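In what follows, a structure is listed as structure tokens, so that the remarks can point back to it.
In this chain, numbering begins with 1 at the start of the sequence shown. Quantities reported herein were computed from a predicted structural model and do not represent experimental measurements. Counting starts at 1 for both ligands and their atoms, following the listed order.
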Amino acid sequence: MSTLVVVGAQWGDEGKGKVVDALASRADLVARYAGGNNAGHTLVLGDRKIVTHLIPSGCAYPGTLCVLGAGMVIDPEVFHAEVAALQRGGMLQQGELRVSLDAHVIFSFHRRLDGLREDLGRGSAKIGTTRRGIGPAYEAKAGRRGIRVRDLFQPARVSALLELNRDRLDPELISLGGPSAGVDVAAEAARAAGWAQSLRPLACDVGALVDDAIRSGQRVLIEGAQGALLDLDHGTYPYVTSSTTLAGGACAGLGIGPMAIKKVWGITKAYATRVGAGPFPSRVDGELGDLLRREGGEFGATTGRPRDCGWLDLPALRYAARTNGLSGLCVTKLDVLAAMPEAWICAAYEGGVAPGADELDQARPVLERLRDWGDPRLVERVKLARRLVDLPPPVRDYLDRIVEFTGVPLALVSVGASREQTIFLEEAF
Ligand code: GDP
Ligand code: IMO
Ligand code: MG
């Protein structure tokens with residue numbers, strides 16, 4: 001059995017796209033299981049930069065099957081635009097894409113509600129979401145009034161479900177956005193009929209497909225979205241996304257059993273970022289934070305928003321290691337940290353607050369300064385390293401510290417955005 005799950009071990013944007021692309025040449029099938037186009041996963045192929053939102057980041061390899069699981073929420077407009085753009089770029093040929101019949105569909109009223117709540121909500125209602133309609137679509141799913149891909153093929157059912165959603169949502173939509181903000185059942189049903197046509201050839205029982213692939217010995221790479229601290233159950237609630245981002249969600253989100261998973265790798269940047277509201281104890285304000293943002297290009301791949309930046313939070317990473325059951329760690333953006341004149345690590349929180357606790361927003365980090373950092377030659381040596389021994393000693397010491405603290409061995413180190421700038425330390429499959 002050769003199934004590897006790769007998840008974000010922080011607040012998202014850890015470099016999942018880069019790592020999945022670097023591993024996908026060896027995979028037969030790459031699957032997404034959660035989230036939707038709140039994700040923005042960047043692949044750098046030579047001088048081309050591709051950002052995937054819904055399509056798995058294995059799409060750059062001919063012959064690799066890309067599948068979207070039942071746990072996802074899919075905005076068909078975004079889906080079609082993304083597929084068309086990838087195909088124009090010579091990727092994702094006929095037969096290389098499948099979508100779960102059970103994935104839920106994002107409609108325009110989900111997006112509108114998400115945006116209106118962000119604009120007009122108060123206090124903890126402002127999450128700083130991506131405004132893509134993710135929360136409202138998962139709400140509908142949990143409320144058993146969601147519209148699935150399979151429902152699109154039954155127009156009468158779609159209309160009935162749209163009416164149900166209109167009755168539930170119109171009071172809120174109209175109170176926040178005025179009379180024209182309500183659900184337009186006829187217009188939505190017409191759009192849904194168009195999506196049904198284009199999705200029909202791609203829709204299938206993805207659980208059975210992935211299960212067959214695993215049983216027949218294919219190499220299956222499962223790509224998480226968002227990150228551990230954004231998980232609905234175990235993240236910094238309520239400042240989280242609305243799905244299970246953790247590796248455990250891969251099973252439910254695809255329709256396979258836990259025994260099918262062989263390895264779980266968690267990705268962490270060499271520092272930390274967060275976008276949207278919520279606790280971030282190791283955030284750095286001022287010049288150093290700005291420098292991290294500039295050096296790391298820390299602007300959202302989906303929304304373009306500047307990401308808050310800070311030092312690597314070891315307690316939060318250890319928490320992510322536990323909640324995901326990580327068997328390997330992938331450390332990315334080591335080149336960015338190496339460019340900093342000084343670097344720190346968050347080794348604990350004052351008062352011993354637990355990463356999953358509400359008090360995290362009050363937690364003060366205990367920071368330790370990294371030794372022998374700030375040599376201007378460090379960054380070039382890091383970018384050129386292709387083996388662990390090529391890395392300068394202070395950088396290797398830093399990696400050792402992370403491994404020692406989390407108890408998770410290194411599986412991969414990334415020293416730049418391109419595929420080639422990758423140090424493989426463990427076989428993926
Ligand atoms: P994802 O959501 O986890 O896939 O991450 P994003 O794509 O949103 O953000 C990660 C950003 O860092 C992208 O711009 C990547 O091209 C870039 N990146 C990934 N790994 C590295 C690395 O090791 N070094 C540098 N400099 N950039 C990286
Ligand atoms: P990738 O897969 C970083 C954050 C949003 C917000 C919260 C809820 O690229 O790592 P949502 O729109 O999901 O309801 O927003 O979650 N968020 C992400 N942050 N990377 C992501 O995806 C994210 N997806 C959602 O900023 O704080
Ligand atoms: Mg991202």
Side-chain angles (χ1 to χ4, degrees), residues 6-22 32 34-45 48-54 56-57 72-73 75 106 110-111 113-115 117-118 126-139 223-232 235-243 245 266-271 273-280 292 294-308 330-339 379 382-383 385 412-423:
V6 175
V7 289
Q10 298 175 298
W11 283 277
D13 303 328
E14 298 91 348
K16 296 176 290 293
K18 141 97 203 220
V19 170
V20 168
D21 172 65
R32 278 267 311 266
N37 61 313
N38 45 352
H41 297 179
T42 313
L43 326 182
V44 175
L45 315 175
R48 278 165 87 192
K49 184 168 141 177
I50 295 163
V51 180
T52 62
H53 299 285
L54 285 167
S57 302
M72 291 185 72
V73 285
D75 185 329
I106 297 182
H110 294 132
R111 286 195 299 271
L113 190 55
D114 198 0
R117 284 174 179 170
E118 284 295 318
K126 269 196 204 311
I127 304 294
T129 74
T130 58
R131 299 167 170 264
R132 300 301 192 255
I134 306 294
Y138 277 118
E139 262 175 47
E223 174 181 358
Q226 290 75 54
L229 281 304
L230 290 172
D231 179 76
L232 180 59
T236 51
Y237 191 87
Y239 301 101
V240 293
T241 190
S242 302
S243 64
T245 62
I267 311 181
T268 176
K269 291 186 211 201
Y271 49 99
T273 63
R274 176 163 202 168
V275 57
F280 182 10
L292 268 175
R294 230 179 12 253
E295 290 290 338
E298 296 298 350
F299 297 88
T302 294
T303 58
R305 292 179 292 176
R307 298 170 181 154
D308 287 338
C330 306
V331 179
T332 61
K333 301 195 117 167
L334 211 46
D335 55 312
V336 175
L337 194 72
V379 58
V382 168
K383 281 183 184 170
L412 180 152
V413 174
S414 172
V415 293
S418 72
R419 261 180 201 169
E420 298 69 36
Q421 289 174 299
T422 312
I423 302 174

Which heavy-atom pair separates [X] from [Y] by the least distance, and what is that distance?
X      : Y      : result
Gly35  : Ser243 : N-OG, 3.8 Å
Lys126 : Ala277 : O-CB, 3.9 Å
Thr273 : Gly12  : OG1-O, 4.2 Å
Gly296 : Tyr271 : CA-OH, 3.6 Å

Counting heavy atoms only, name the option from Gly224, Gly40, Gly17 that's nearest to atom 6 (P) of ligand 1.
Gly40
Relative to atom 9 (O) of ligand 1, which among Lys18, His41, Arg307 owns the nearest non-hydrogen atom?
Arg307
Residue set satisfying side-chain hydrogen bond (donor to acceptor under 3.5 Å, both in side chains) with Arg307, at least two apart, ordered chain then number -> Asp13, Glu298
Non-neighbouring partners of Asp114 that pass salt bridge (Lys or Arg N to Asp or Glu O under 4.0 Å), sequence neighbours left out
none
Where's the contact between Ser414 and ligand 1, heavy-atom distance under 4.0 Å: side chain, backbone, both or neither?
both
Which segment of Asp335 sits under 4.0 Å of ligand 1 when only heavy atoms are counted
side chain
Taking 4.0 angstrom as the limit and counting only heavy atoms of [X], give me the atoms of ligand 1 inside it, by number and element.
X      : result
Gly15  : 1 (P), 3 (O), 4 (O), 5 (O)
Val415 : 23 (O)
Lys16  : 1 (P), 2 (O), 3 (O), 4 (O)
Ala301 : 8 (O)
Val336 : 26 (N)

Less than 4.5 Å apart, side chain to side chain, heavy atoms only: is that true for [X] and [Y]?
X      : Y      : value
Asn37  : Val73  : no
Asn38  : Thr129 : no
Arg132 : Ile106 : no
Val415 : Gln421 : yes
Ile267 : Thr332 : yes
Thr236 : Trp11  : yes

What I want to check is whether the side chains of Ser414 and Lys18 have a donor and an acceptor closer together than 3.5 Å.
yes
Determine, using heavy atoms of Gly8 and all atoms of ligand 1, whether some pair is separated by less than 4.0 Å.
no
Between Arg305 and Glu118, does at least one N-O distance fall below 4.0 Å, as a salt bridge requires?
no
Short of 2.8 Å from the Mg ion (ligand 3), name each protein N/O/S atom, waters not counted.
Asp13 OD1, Gly40 O
At what distance is the nearest protein heavy atom to [atom], and which residue and atom is it?
atom                    : answer
atom 15 (C) of ligand 1 : Thr42 CB, 3.9 Å
atom 18 (N) of ligand 1 : Lys333 CE, 3.7 Å
atom 10 (C) of ligand 1 : Asp13 O, 3.7 Å

Consider side chain to side chain donor-acceptor pair (under 3.5 Å). Of Asp21, Thr52, Thr42, which one does Ser57 pass it with?
Thr52
Around Phe299, counting heavy atoms of other residues, nucleotides and ligands shown, do more than 12 lie under 6.0 Å from its CZ?
yes
Strictly under 4.0 angstrom, heavy-atom based: which residues surround ligand 2?
Trp11, Gly12, Asp13, Lys16, Asn38, Ala39, Gly40, His41, Ile127, Gly128, Thr129, Thr130, Ala225, Gln226, Leu230, Val240, Thr241, Val275, Gly276, Arg305
